[in-house]
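These notes are about the structure you will find just below.
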2 protein chains.
Amino acid sequence: MDAMGIDDPPRLGLRERKKAKTRAAIQEQALRLFREQGYEETSVEVIAEAAEVSPSTVFRYFPTKPDLVIYDDLDDRMIEAFRAQPPDLTAVQALRAAFLSSFGGLAGEELALQRERELLMRSVPELREAMLGEFARTVRAIAELVAERTGRAADDDAVLALAGAVIGLSIAAWFASDGDDWTARFLERMDTGMALLESGLRL
Amino acid sequence: MDAMGIDDPPRLGLRERKKAKTRAAIQEQALRLFREQGYEETSVEVIAEAAEVSPSTVFRYFPTKPDLVIYDDLDDRMIEAFRAQPPDLTAVQALRAAFLSSFGGLAGEELALQRERELLMRSVPELREAMLGEFARTVRAIAELVAERTGRAADDDAVLALAGAVIGLSIAAWFASDGDDWTARFLERMDTGMALLESGLRL
DNA sequence: CTAGTATCTGATATAGGCTCTCATTTGCAT
DNA sequence: ATGCAAATGAGAGCCTATATCAGATACTAG
């Protein structure tokens, strides 16, 4: 099932796997129902029924309804990719590379899922706001990464400015891009945007 | 009840004034109760009671509970200030000036109200997300203003990057600043951040 | 001044999100 | 196998939010 890390706890029992499975099942059914009959039109009760659990259980795994769509591990992957960048790159360059490698390396299956989530998050106001909340949390994460790399403090003005600007870039690119080639346009906008951040936005 | 305003706008009927009064009363009571006993701890029903209206009426004026705190006209003032900037400034310089003049020119009474709202929006997750939704909407507004000033398209990559970066800056500064001199720190961070946007973020 | 009209208001009913508690079941270790 | 800890299901209950409908209130025309 899973390769054991060196000090990977042997305590990864059946229980944990069952939890992961239940969690995945709930989210999968939720996304399917959202796609088929809309987000607001789908009650948590119906989702629970489809996933063959009780409503209580749904809320135990996903504290709020938006979480059914929002939950994501892309951030973790990007953090990993960022740390893996060679140290001679500037912070912005490392961010660009990390961004491209983590977003570009999406398999077909996974990409379709992302697109589905993206569509929901853009069209349903409630989800849009929840996602922005995630973004805000990400600012801190990026600031810490950049601080770590540059040796500056995490609340340094320039570090914060960079982290904020990158997040803002993604917000703008997220809502501006459109149509079938959304992913491509989004990546493109992010990349050119980050380049502009480094060279200076002189308009 | 109230003396006839001799130079009151003639076409502003009694009905309209009553509406504005009710609206103000509701919001005022809401903010007071939120301050005294917390946001989540205050139900809309209690607010309605304090403002001497029915719960239905509260929701008629403020469609959602967060709206009781979020409503704001600072954006409009900033747009006005931006348009008033001399055309020889760069877009970023004009933004900096507009920002300073609209935020710096807050009266004592108004400033206190803003601080109260700011505190709520930072501490209550629900309000934080609602505010971020406002921010996202603002991206488009800024992009259009910058486009208008520079003669570029509103969906131009650089224009979007600038608008997004500025919003991201404000998100970062909003959550990073802290303590008593919050307003001052916030303004300071925004100003240095925008300067960095123009000169380039080379870390 | 009166009657008619539009709008605002309040009461009620309802749905659905979300929290909490408690009893039961299930996985896990000795 | 047995005791412990965790996960689950069932249900009650609160609150936000919406829709409807009847009654009250301000505007307007005659």
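All chains are named by letter (A, B, ...) in the order of the sequence lines, taking the proteins before the strands, and each is independently numbered beginning at 1.
For Lys18(A), no side-chain nitrogen or oxygen approaches OP1 or OP2 of dT26(C) to under 4.0 Å. Contact annotation: Thr57(B) side-chain N/O to dG10(C) OP1/OP2 distance is under 4.0 Å. OP1 and OP2 of dA7(D) both lie 4.0 Å or more from every side-chain N or O belonging to Tyr61(A). A sub-4.0 Å separation between OP1 or OP2 of dA10(D) and a side-chain N or O of Ser54(A) is absent.
Rounded to a whole Å, the CZ atom of Arg17(B) is 16 Å from the C1' atom of dC8(C). When rounded to the nearest whole Å, the span between NZ of Lys65(A) and C1' of dT19(C) equals 17 Å. Separating the CZ atom of Arg23(B) from the C1' atom of dC8(C) is a distance of 15 Å, rounded to the nearest angstrom. Counting to the nearest Å, the P atom of dG17(C) and the CG atom of Leu127(A) are 12 Å from each other. To the nearest angstrom, C1' of dT16(D) lies 12 Å from CD of Glu126(A). In this structure, CZ of Phe59(A) is placed 19 Å from P of dA7(D), rounded to the nearest angstrom. Separating the CD atom of Glu41(B) from the P atom of dT19(C) is a distance of 14 Å, rounded to the nearest angstrom. Distance NZ (Lys21(A)) to P (dG27(C)): 12 Å, rounded to an integer number of Å.
Here the options are Asp67(A), Leu68(A), Val69(A), the test is side chain to side chain contact (heavy atoms under 4.5 Å, CB included), and the partner is Lys65(A); only Leu68(A) passes.
Counting heavy atoms of neighbouring residues, nucleotides and ligands inside a 6.0 Å radius, atom CD of Glu188(B) exceeds 12 of them. The number of heavy-atom neighbours closer than 6.0 Å to CG of Asp180(A), taken from other residues, nucleotides and ligands shown, is 12 or below. Heavy-atom contacts from other residues, nucleotides or ligands closer than 6.0 Å to CD of Glu118(B) number more than 12.
If you find the closest nucleotide of DNA chain C to Ser56(B) and to Ser43(A), the one lying nearer the 5' end belongs to Ser56(B). Toward the 5' end of DNA chain C, the nearer of the two residues Arg60(A) and Pro66(A), judged by each one's closest nucleotide, is Pro66(A).
In the set dC18(C), dA17(D), dG9(D), dC18(C) carries the atom at the smallest distance from any side-chain atom of Thr64(A). Nearest nucleotide to the side chain of Lys19(A), out of dA17(D), dA7(D), dA26(D): dA7(D).
Counting non-hydrogen atoms under 4.0 angstrom, Pro55(A) reaches nothing in the nucleic acid.
Salt bridge Arg77(A)/Glu80(A): absent, no basic N to carboxylate O contact under 4.0 Å.
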